[in-house]
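Values below: all heavy atoms of this structure, side chains included; hydrogens, waters and symmetry mates excluded.
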Amino acid sequence: MNHIPSQIQELRSILGKMEVALGAVDNAIVWTDTQGRIQWCNKSFDLLVNRPHIMVIGKEIYSLLPLYCDGVMLSLESHPVTLAIAQRSKVVNKYDVYHGNKVAILEITATYVEIDSDYCKEISIVIAIDDITEKERTQILLQQSNLELEQRVDQRTQELREANELLHEQNQVLEIAKQIAEASNQAKSSFLATMSHEIRTPMNAVIGMTGLLLETDLDARQQDFANTIHNSGEHLLNLINEILDFSKLEAREMQLEELNFELESSIEEVADILAGSAHSKGLDLALFIHPDVPKYLKGDIGRLRQVLLNLTNNAIKFTRQGEVTIEVAIAREDLTTVSLSFSVIDTGIGISLEAQSKLFEPFSQVDASTTRQYGGTGLGLAICKQLVSLMGGSIHVESEENKGSTFLFTVPFQKQSEEGNYPLAVSALQDLRVLVVDDSVTNCNILYHQLKSWKMQVDILIQSTEAIDALHRAIAIGQPYQFALLDMQMPDLDGEQLGKQIKSSPILRDTHLIMLTSLDQNGAASRMLEIGFADYLRKPVRKLRLLNSLVNTISGKSAKPIAQLPEFIAEEVKLPSQLKILLVEDSPINQKVTINQLHNLGYRVDVVANGQEALDMLDKISYSIILMDCQMPVMDGYVTSRRIREREASQNLAGAGVAIIALTANAMKADRDRCLAAGMDDFLSKPVRKQDLAQKLAYWYQMRESRHLEDPVVNHFVNHFVNHPERNSVTIDGKNALDNDLKTDLEADLKVDWQYLDEVCNGNPIFRQELLQAYVDSLPEHLDALAIAISQVNYTGIEYEAHFIKGTSVALGILGVAKLARTLEEAGKTGHLAKDTGQLLERIRVAVTYIKKI
């Protein structure tokens, strides 16, 4: 009998070694009873479910590891444990498991085991779990690669055989073909530009006159007809704009801008614009920006928005049910730059592998039925591809028929300093508990990361019927939830019904409720407030808006934002009716449209049909603003504008004359540059919309008035620097910049149109500071180049550098510097340098120095 303890010890040693060995296996191994409760598991299973071992033993495997098949969570009856028990055998199958926003594919083997003991027969289920995600993905990619490789080898072999036979003869033919193709491409671009001009001219009448017609008294039937015409005109104009964009890209005339921007709010604006169309189809539109993505970047935000708007609008268009998600993550990053990966994911009709090959080709659709059902030119994706390529990135699609699509593109950006982050009030949310109840896994994942970024304790429920129990359990353990975010549209129990149950409970009614909804229902917001909800937010919920709601709710304040993002509100600015406007336009239809628009805005206008008549009118009347058509008989708008500027220069009115706004149907960058080079101040693209016309008139009226009004900001700087030069003396070349001659003109040199600058920045003081900083940083090299050009009497160089400084200054409303630069530009054009040219340059330097101190 003495040998029994040693056998037990040896058995224990063997069991310990087995447990160590099984724990080292990469595959997860689990032993459950017939109810699915875990009796034993190895460390790989603990890692798979991301739980400590002590919190796994005794738990039901169904809750720890939810399994999905074709996007639907398995019921208890379909679970491998249940099937193994029912069949009393081994069950092997593949399932999906969600880890955040990623999906893993698991191969699960559940084996029915009977163990006979002295007292009874014990039944257990042994489960082996193998993660085959990469294996599956690699197999698909390998099959695709093999197929593509075979096709390429066959194609290249045939091409080489033909090329070897005809190489000598074809060299000359290919050169001729190349020249013909280049000429054809140039002719195509020129044709597109010309046709866009010819089409835009009648479109000006269609959109303009129907817009005016809609403002008259019409009965319901007439209103419907007019709306149909106006909407069709707008749709046709969008098609023309797509063709124009494509022609500019083909002709390599598209120019990128380098602007500082805040990524989060910019992408949220895209979601806001398209939320209405998504919700009208019953779709969820979600936005997920990974927490580690830098917020403050530099690049062409306008073109980025254009690509995202196009891709997201397509996703909404081709999705009948489900959701569309915009996701932003880091692809690559270093100290100064970051490449961001943008994904637009939908649950729509999908695209076959064969059709994907021509997806980004211009003037193409996946099939004819798609064109008939959804419309479009077939240019949108081609433009997206070229824009992404122009920005230094790449784009591709991952899709399968009837299983949705994911459009992915990567673009590099420069980093900016992260100033103006979320307000300090975020600290009020730290460690507060919040329960998110939403049946959408995507929305839960997004909300989880947003709330976690504010250091809140977050729990997620996909089944709304479990919410009441979860709230009670939290109170029972002394850790109640302060917030519950409820989705409006959920099966079994929707957000409104759940909210009523919570608020009717004496124990739970103190929980702060916030409703999240994809529907815009009349009276829904007030109904939620009556139930007891603290706020009612429409998806996709802006991160800052959610933050405002949580902070205001916990602090007991009304829904007043702590940091409101600027929003542009288009307003018709009513100017004095005596504003003198001259319209120079040869088309009777365009005359009629513009006259009616101006009268509708409350202005009088004189009309002439060509440039010579305009010059004759200017001899009699001093106009404030001229609306100048570019292409006219007798004398076109370009020549007319030059003549007007020559007259003003001879009368010493340079920089203070009439404001000339071009009316052009050409929208190419070269056309805009030609307008500015001719002496025009601004331009409006035909067809001219009334609100755009009103804003241009308002801006140039204010620009003229600012020359005669005292600027309080300038007075502050004059009082500070001129009257007290000892406080902030500035020296240039060893001399005090504030000598008596410079003091005389400093007030005029520091003239800034702050209202216009605020409009440019949408009222964002941080963005305004960044623009001013970029402005003062960009000028030194141009000022130095201008000084060299002046010293060398290089009139071309003087004109070029002064034009750059003037244009940059006008773009920000820095009128004083712009006026000085315009004088130098005129000197370069006329080939005559005045004696005070050097002093003008020094005055610009001093003004820029003061602006730098703002």
Side-chain angles (χ1 to χ4, degrees), residues 68-72 94 96 98 101-105 133-149 151 270-271 274 277-278 281 283-288 307-329 331 340-389 393-411 440-442 445:
Y68 291 80
C69 186
D70 295 331
V72 179
K94 298 176 185 177
D96 295 337
Y98 291 90
N101 63 324
K102 296 181 179 179
V103 181
I105 304 173
T133 306
E134 290 302 320
K135 186 190 299 182
E136 291 284 307
R137 186 176 298 163
T138 301
Q139 186 175 357
I140 293 173
L141 291 175
L142 186 60
Q143 291 173 352
Q144 293 176 347
S145 298
N146 287 338
L147 179 61
E148 292 176 1
L149 185 60
Q151 293 174 345
V270 173
L274 298 175
S277 58
K281 295 183 67 176
L283 304 177
D284 274 341
L285 178 59
L287 171 62
F288 178 35
V307 174
L308 279 174
L309 279 168
N310 193 305
L311 295 180
T312 310
N313 190 49
N314 276 355
I316 294 170
K317 185 192 300 183
F318 294 107
T319 302
R320 299 187 184 96
Q321 60 183 4
E323 61 191 25
V324 174
T325 303
I326 305 171
E327 182 176 350
V328 187
L340 296 183
S341 172
F342 298 85
S343 303
V344 178
I345 309 160
D346 66 62
T347 56
I349 61 176
I351 307 164
S352 67
L353 190 61
E354 180 183 358
Q356 292 176 31
S357 60
K358 63 178 181 179
L359 196 60
F360 294 100
E361 294 178 6
F363 304 104
S364 69
Q365 290 278 5
V366 171
D367 58 45
S369 62
T370 303
T371 306
R372 286 193 297 270
Q373 184 174 357
Y374 297 104
T377 59
L379 282 176
L381 291 178
I383 292 171
C384 287
K385 181 178 180 180
Q386 295 200 46
L387 285 176
V388 170
S389 177
S394 60
I395 185 171
H396 70 282
V397 63
E398 298 174 358
S399 183
E400 188 176 345
E401 283 188 285
N402 302 316
K403 292 188 178 180
S405 305
T406 300
F407 283 84
L408 305 100
F409 66 95
T410 305
V411 178
S440 167
V441 175
T442 302
N445 184 43

Inset, instruction - Output all residues satisfying salt bridge (charged side-chain N to carboxylate O under 4.0 Å, His left out) with Glu148, sequence neighbours left out; order by chain, then residue number. - result: none
Inset, instruction - Could you list the residues that satisfy side chain to side chain contact (heavy atoms under 4.5 Å, CB included) with Asn101, not counting sequence neighbours? - result: Phe288, His290, Glu327, Asn445
Inset, instruction - For Glu136, enumerate each residue passing the side chain to side chain contact (heavy atoms under 4.5 Å, CB included) test, keeping only those at least two apart in sequence or located in another chain. - result: Lys94, Ile105, Ile132, Gln139
Name every donor-acceptor pair, under 3.5 Å, that has one atom in a side chain of residues 402-410 and the other anywhere in the protein, sequence neighbours excluded.
residue : atom : partner : partner atom : Å
Ser405  : OG   : Ser399  : OG           : 2.7

Legend entry - Side chain proximity check, Ile349 to Arg320, heavy atoms < 4.5 angstrom: yes
Inset, instruction - Locate the shortest heavy-atom distance separating Leu285 from Ala271; write the atom from each residue and the value. - result: CD2-O, 3.5 Å
Legend entry - Interatomic distance, Thr312 atom OG1 to Ile326 atom CD1 [nearest 0.5 angstrom]: 3.5 Å
Legend entry - Between OG1 on residue Thr319 and CD1 on residue Ile345, distance to nearest 0.5 Å: 11.5 Å
Legend entry - Any Gln143 side-chain heavy atom under 4.5 Å of Leu147 side chain: no
Legend entry - Contacts of Leu309 that satisfy side chain to side chain contact (heavy atoms under 4.5 Å, CB included) - sequence neighbours left out: Val270, Ile273, Leu274
Legend entry - From Asp346 atom CG to Ile316 atom CD1, the distance as rounded to the nearest 0.5 Å: 9.5 Å
Legend entry - Any residue meeting side-chain hydrogen bond (donor to acceptor under 3.5 Å, both in side chains) with Asn314, in chain and number order, not counting sequence neighbours: Asn310
Legend entry - Residue list, side-chain hydrogen bond (donor to acceptor under 3.5 Å, both in side chains) with Thr133, at least two apart or on another chain: Asp131
Legend entry - Separation of Gln144 CD from Asn146 CG (nearest 0.5 Å): 10.5 Å
Legend entry - Residues which pass side chain to side chain contact (heavy atoms under 4.5 Å, CB included) with Val328, listed by chain and number, not counting sequence neighbours: Leu263, Ile289, Val293, Leu340, Phe342
Legend entry - Inter-residue atom distance Asp284.CG - Thr325.OG1, 0.5 Å rounding: 8.5 Å
